[in-house]
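Below is one structure, written out as structure tokens, with a few remarks after it.
We're numbering straight along the sequence, starting at 1. Values below: every heavy atom of this structure, side chains too, minus hydrogens, waters and symmetry copies.
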Amino acid sequence: MRNDLEEKKIHGSLLFPFQYYAKQQDNAAIFIPCHWHEEIEVLVIEKGSFTVIIDGNAFTGSAGDVFFFHSCQLHQIQGHPGKNAFYSFVFSLHALYFREQDYVQTTLLEPLGEKWCFPKLVAPGNPCYHGLIAILEELRRLEKERPVAFQLLVKAELYRMIALFKQHQAFVLKEKPSQEHSYTALRLKQVLQYIADHYMEPLSLEQAAGIMHMSAKYFSSYFSDALHISFVQYINRYRIEQACILLQTTALSIMEVGQQVGYCNFSYFIRRFKEFQGCTPIQYRRKTGG
């Protein structure tokens with residue numbers, strides 16, 4: 001993460017900013033902490049049930065539901081315990097712009113980024129649903145097979161997706177949050193960024209409440225209502241996510257990984273890791289090839 005929770009990962013490449021992701025957990029809940037990025041993301045739930053947070057609004061999603069995250073929207077993905085899986089596409093709207101201004105760019109692409117947006121949730125029963133799923137499945141096929149002119153074919157499907165929503169008049173006006181909502185969201189982002197910057201250190205509810213200028217009791221309730229997870233659970237999940245990265249990308253010992261992500265008590269680290277990942281750190285390292 002960069003400052004203010006911006007995801008620093010490059011999605012795709014500079015010449016072709018399009019990326020496919022897939023994630024599955026059979027014995028533990030998926031957790032993607034709050035973050036944002038410039039690109040649009042389309043998320044499809046394949047298995048299980050998820051709580052999806054978009055700019056502080058909570059949605060419950062189940063298999064088949066499609067979510068859209070727009071440029072700079074804070075979002076968090078939290079799978080409920082059991083088998084859960086999703087796949088997503090992240091792409092830059094600007095990469096679909098033409099070199100020369102034309103009717104499509106002026107009347108559709110530019111307003112889509114500035115005035116209009118995709119609906120946050122597209123569920124079965126929505127008039128766009130079946131057409132959207134067909135497009136997303138074709139994007140998965142293209143990603144898997146990488147045929148000649150792969151990039152051109154992907155862009156063609158993204159244009160088809162935009163046209164589908166336009167045909168059904170399914171775009172929605174971009175929300176302008178109230179001044180109070182913006183201020184509260186800004187302070188919550190500051191707390192989440194504080195966690196991202198200091199998760200390897202001891203963190204207390206009182207410290208976080210101080211950033212929000214709230215009492216510890218009120219902040220605890222506010223945090224749980226906003227993110228549908230308690231402050232302590234969020235920190236533990238965040239630390240375990242960071243531990244997973246270290247297990248896959250470094251040769252640090254299991255004890256060193258625990259210490260790196262803020263666990264001084266080795267036994268507690270093992271318990272929390274197994275709780276969230278459904279296996280021990282060493283088992284996780286083996287199955288992920290770390």
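- Proximity of a side-chain donor or acceptor of Glu256 to a complementary backbone N or O of Ser253 within less than 3.5 Å is detected.
- Between the side chain of Gln105 and the main chain of Asp102, no donor-acceptor pair closer than 3.5 Å is present.
- Within the 4.5 Å cutoff, the side chain of Leu96 has heavy atoms near those of the Leu158 side chain.
- Under the 3.5 Å distance criterion, the side-chain polar atoms of Lys144 are left unmatched by any main-chain donor or acceptor of Leu139.
- No donor-acceptor pair under 3.5 Å is formed between the side chain of Asn126 and the backbone N or O of Val122.
- For the residue pair Glu110 and Tyr97, no side-chain donor N or O sits within less than 3.5 Å of a side-chain acceptor on the partner.
- At least one test fails for Arg272 against the ring of Tyr263: distance under 6.0 Å to the centre or angle within 45° of the axis.
- Between Glu38 and His94 the shortest side-chain heavy-atom distance does not fall below 4.5 Å.
- For the pair Glu145 (side chain) and Leu142 (backbone), a donor-acceptor distance under 3.5 Å is absent.
- Using modelled atom types, one side-chain atom of Lys155 and one backbone atom of Ala95 make a donor-acceptor pair closer than 3.5 Å.
- Under a hydrophobic-cluster definition in which Ile, Leu, Val, Met, Phe, Trp and Tyr are linked whenever side-chain heavy atoms come within less than 4.5 Å, directly or via other members, Phe98 and Leu152 are assigned to different clusters.
- Nearest heavy-atom pair, Phe59 versus Phe67, reported as atom, atom and distance to 0.1 Å: CB-CE2, 3.6 Å.
- Within the 3.5 Å criterion, the main-chain N or O of Leu43 finds no donor-acceptor partner in the side chain of Ser88.
- Each of Val52, Leu74, Val42 was compared with Phe69 under the side chain to side chain contact (heavy atoms under 4.5 Å, CB included) criterion, and only Val52 meets it.
- No side-chain donor-acceptor contact under 3.5 Å links Asp55 to the backbone of Gln73.
- Between Leu132 and Met161 there is a side-chain heavy-atom pair separated by less than 4.5 Å.
- Enclosure of atom OH in Tyr103 is not indicated, since only 12 or fewer non-hydrogen atoms of other residues, nucleotides or ligands lie within 6.0 angstrom.
- No donor-acceptor distance shorter than 3.5 angstrom exists from the side chain of His168 to the backbone of Ala170, with no hydrogens or angles considered.
- Judged purely by atom type and a 3.5 angstrom limit, Tyr234 has no side-chain atom pairing as donor or acceptor with the backbone of Ser224.
- For the residue pair Lys174 and Glu114, the shortest heavy atom distance occurs at CD-O, 3.5 Å.
- Cation-pi geometry between Arg146 and Phe150 is satisfied (NZ or CZ under 6.0 Å from the ring centre, within 45° of the ring normal).
- Relative to the ring axis of Tyr87, Arg140 places its NZ or CZ within 45° and under 6.0 Å from the centre.
- Cation-pi check for Arg239 over Tyr199 is not met; the charged atom does not lie both under 6.0 angstrom from the ring centroid and within 45 degrees of its normal.
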